[in-house]
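Heads up: the structure comes next, in structure tokens.
Chain letters run A, B, ... following the sequence lines, proteins first, then strands; residues in each count from 1. If you're wondering where the values come from, they're calculated on a predicted model, not measured in any experiment.
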Protein chains: 2
Amino acid sequence: MALPFKKRVMIVEDDQEIRNSFNLIVNSSQKFMVVNAYGSCEEAIDNLNRDKPEIVLMDVELPGMNGIQGTKVIKDKSPHTDIVMVTVYEDSELVFEALKAGASGYITKSANYMELLAALEEIVKGGAPMSSRIARMVIDNFHVNPNSPLTKRETEILQLISEGKTYTQISEELFISKETAKTHIKNIYSKLQVNSKSEAIAKANLEKLI
Amino acid sequence: MALPFKKRVMIVEDDQEIRNSFNLIVNSSQKFMVVNAYGSCEEAIDNLNRDKPEIVLMDVELPGMNGIQGTKVIKDKSPHTDIVMVTVYEDSELVFEALKAGASGYITKSANYMELLAALEEIVKGGAPMSSRIARMVIDNFHVNPNSPLTKRETEILQLISEGKTYTQISEELFISKETAKTHIKNIYSKLQVNSKSEAIAKANLEKLI
DNA sequence: AGTTAAATACCGAAATATGCGTGATAACAG
DNA sequence: CTGTTATCACGCATATTTCGGTATTTAACT
């Protein structure tokens, strides 16, 4: 290998100008080298085994297979490759989809020279580079709603429901009768306007009640 | 107000040395001022209305009420106050508990002068300061397991179950008979070794199958 | 061509959960 | 001190889910 100490970076980006620009920036670094740059996920995936990238800079919006689907495939074929999404949009649904697909970072195309290299460095040291807005988006996603309509006991029971417990198990765990558990659950359903355990779990997750 | 342009920072930390050290660092900045530093959440909460902090630097391990419980209370009483957890440990359970409680950042006590101020700056610009390891921990938490034992169809159905759908709704949505939906769900249960929808959801979340 | 995996479909019995009542007691706030 | 809320408890009818089978078709793989 010509440059054994440089981390191998693959670029997937359909806009040729941006692709060239990323290429130049990455290759300007002593620590990274571009092994290849492609205009589509399909091409990138076809050459994955030969290129053996350690890091992929992946555009989200792409013709054909999009960056999120591509991330899934690449992660499946090469689990140790770290993928950094690069996008113009910071749409929350896309961000979470990309993270679920296996992305380890999410930066914007407005990222300048320094920011792009900083993101790569961050990946190498085991971090997860994100723009400020995305970091906040991700963190906010964890926050539990403090204005829950449920009482403490109801929340406790909803928690047990979300763990897959039956009426009987819940009543045993809380030292109350099965009938009482039933009543609490009935009240939970009424407050959340649902009529089954799984619907209650879905709503609880949606409104971050647990 | 004496210094109207400085962001008001409250410190909650039981170790007096660290408390003083943070105090000096924060006050050394042109952009931040320490409104008060307490050794316990109880004291901090009692003085919340008077101190009106915009940012709280919160120790996790504290005598009496711990930093996570304290975060919940402060977020409840003062939702717009941003809380940054400061800790020696990067234990994953604690991190997620803190984030659920409402923390907007999570840094380690090893943070030096620059890092601490950088975290405060990051909060001000709407971000979420985190150490590299914690950022990765948080991102990894989103990743879906690519080695799911379930087939595509089963995963699709598990997804619908997690949205609270009934057998009938699932069969209608997928244009299959109720009996077929039943069979798929039976197979899902067998593969996941569970025996109810909510247990399946719990296991799916635990093993990141959806 | 033969095997396997996946998706489809049906049945009946048993177990759970849900809907709609009622009502008592304790704790908390105005 | 009184009204409200939370927690607890019971019963019956109905609905839904789960268990344990069987079985056909199609696509993929060897």
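Heavy-atom distances to DNA chain C give each of Ile176(B) and Tyr189(A) a nearest nucleotide, and the one nearer the 5′ end belongs to Ile176(B).
For residues 169-207 of chain A, no residue pair satisfies the ring-ring contact (aromatic ring centres under 6.0 Å, His included) rule, not counting sequence neighbours. For residues 195-206 of chain B, there are no side-chain hydrogen bond (donor to acceptor under 3.5 Å, both in side chains) pairs, not counting sequence neighbours. Among pairs with a residue in residues 120-134 of chain B, those fulfilling side-chain hydrogen bond (donor to acceptor under 3.5 Å, both in side chains) read Glu122(A)-Ser132(B), Ser132(A)-Glu122(B), Lys31(B)-Glu121(B), Glu90(B)-Ser131(B), Glu90(B)-Arg133(B), at least two apart in sequence or across chains. Applying the side-chain hydrogen bond (donor to acceptor under 3.5 Å, both in side chains) test to every pair with at least one member in residues 48-59 of chain A, sequence neighbours left out, gives these pairs: Asn36(A)-Asp51(A), Tyr38(A)-Asp51(A), Asn47(A)-Arg50(A), Asp59(A)-Lys109(A).
Legend: residues meeting ring pair (Phe, Tyr, Trp, His ring centres under 6.0 Å) with Tyr89(A), ordered by chain and number and at least two apart, are absent. With sequence neighbours excluded, the residues satisfying side-chain hydrogen bond (donor to acceptor under 3.5 Å, both in side chains) with Lys191(A) are Glu154(A).
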- request: Begin with the C-alpha distance, continue with both residues' side-chain angles, and end with the deciding distance and a verdict on side-chain contact (heavy atoms from CB on, under 4.5 Å) for Met10(B) and Ile55(B).
  value: CA-CA 6 Å; Met10(B) 177 191 267; Ile55(B) 302 171; over 6 Å; no

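Note on ring orientation: taking the six-membered ring where Trp is involved, the planes of Phe142(A) and Phe96(B) are parallel (angle under 30°, cut-offs 30° and 60°).
Summarising the geometry, the separation between CD1 on Ile157(A) and P on dT7(D) is reported as 8 Å, rounded to the nearest angstrom.
Within residues 194-210 of chain B, the residues having any heavy atom closer than 4.0 Å to DNA chain D are, in order of number, Asn195(B), Ser196(B), Lys197(B). Of the residues in residues 159-167 of chain A, those placing a heavy atom less than 4.0 Å from an atom of DNA chain C are Thr166(A), Tyr167(A), in numerical order.
Put simply, the side chain of Leu94(A) reaches to within 4.5 Å of the side chain of Tyr106(A), judged on heavy atoms.
Side-chain atoms of Ser78(A) do not come within 3.5 Å of backbone N or O of Lys75(A) as any donor-acceptor pair. In this structure, Ser148(B) contributes its side chain and Asn145(B) its backbone to no donor-acceptor pair below 3.5 Å. Not one N or O on the side chain of Lys165(B) forms a donor-acceptor pair closer than 3.5 Å with the backbone of Gln169(B).
Asp82(A) and Arg136(B) are joined by a salt bridge, as a carboxylate oxygen and a charged side-chain nitrogen come within less than 4.0 angstrom of each other.
Taking CD1 from Ile210(A) and OG1 from Thr155(A), the interatomic distance works out to 9.0 Å, rounded to the nearest 0.5 Å.
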Using atom names, set out every protein N or O paired with an N or O of nucleotides 10-13 of chain D below 3.5 Å, distance rounded to 0.1 Å.
from    : atom 1 : to        : atom 2 : distance (Å)
dC10(D) : OP2    : Ser177(A) : OG     : 3.2
dC10(D) : N4     : Thr183(A) : OG1    : 3.3
dG11(D) : N7     : Glu179(A) : OE1    : 3.4
dC12(D) : N4     : Lys182(A) : NZ     : 3.0

Sub-3.5 Å pairs of nitrogen or oxygen atoms, protein against nucleotides 3-6 of chain D:
none

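Axis angle between the ends of the helix from dA1(C)-dT30(D) to dG30(C)-dC1(D), five pairs each and rounded to 10 degrees, works out to 60°.
A 4.0 Å heavy-atom criterion places the boundary nucleotides of DNA chain C facing chain B at dA6(C) to dG12(C), written 5' to 3'.
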